[in-house]
Amino acid sequence: MESEIYLINALMISLYSTWFIPVAIRDSKTGGYLGFRNRAVLFHVIFLTALESLLLIPQLGMSFFTVVRVGFCIALPFGLALLYVNMTQKQMFGTKFSMKGKEQEEK
């Protein structure tokens, strides 16, 4: 069962890092930064929390280490997604990625 946890985590973290979170944090037409404060990102946080909890708590039991591991498995795809967006922005949209929202760019 433990090797299945690693396989599921590897699949989910790679999908979230390269597909789900990048789509949620930038505009698909312009490549503009939408930010992490939107419903799509909140949904992904809740889904990842539930998935990681269902995978890890039955295997490792409820402990501080398990909570830290769940937190790490949730935070990792968000950091990797930000790196992915930064690296692919120029190629996909022809602009440099900036973490400024529309209201900050107008100023």
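No experiment lies behind these values; they were computed from the predicted model shown.
With sequence neighbours left out, Leu54 forms a side chain to side chain contact (heavy atoms under 4.5 Å, CB included) with no residue at all. Under the side chain to side chain contact (heavy atoms under 4.5 Å, CB included) criterion, Ile46 pairs with Leu42, not counting sequence neighbours.
Evaluation of the ring pair (Phe, Tyr, Trp, His ring centres under 6.0 Å) test over residues 44-71, restricted to residues two or more places apart or in two chains, returns Tyr16-His44, Phe20-His44.
The two atoms that bring Thr30 and Gln89 nearest to each other are O-NE2, 4.4 Å, heavy atoms only. Looking at every heavy atom in both residues, Asp27 comes nearest to Phe93 through O-CZ, 4.0 Å.
Put simply, OH on Tyr33 and CD1 on Ile25 are 6.0 Å apart, with the number rounded to the nearest 0.5 Å. Note that CG of Leu82 and CE of Met99 are 5.0 Å apart. Values are rounded to the nearest 0.5 Å. How far CG of Leu56 is from CZ of Arg69: 5.5 Å, rounded to the nearest 0.5 Å. To the nearest 0.5 Å, atom SG of residue Cys73 and atom CG of residue Leu48 are 9.0 Å apart.
A single hydrophobic cluster is seen to contain both Trp19 and Leu11, as judged by linkage of ILVMFWY side chains at heavy-atom distances under 4.5 Å, directly or through other members.
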Next item on the list: Start with the C-alpha distance between Ser17 and Ser14, add both sets of side-chain angles, then the distance that settles side chain to side chain donor-acceptor pair (under 3.5 Å), and finish with yes or no.
Entry: CA-CA 5 Å; Ser17 299; Ser14 62; over 6 Å; no
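Between Met12 and Leu55 there is no side-chain heavy-atom pair separated by less than 4.5 Å.
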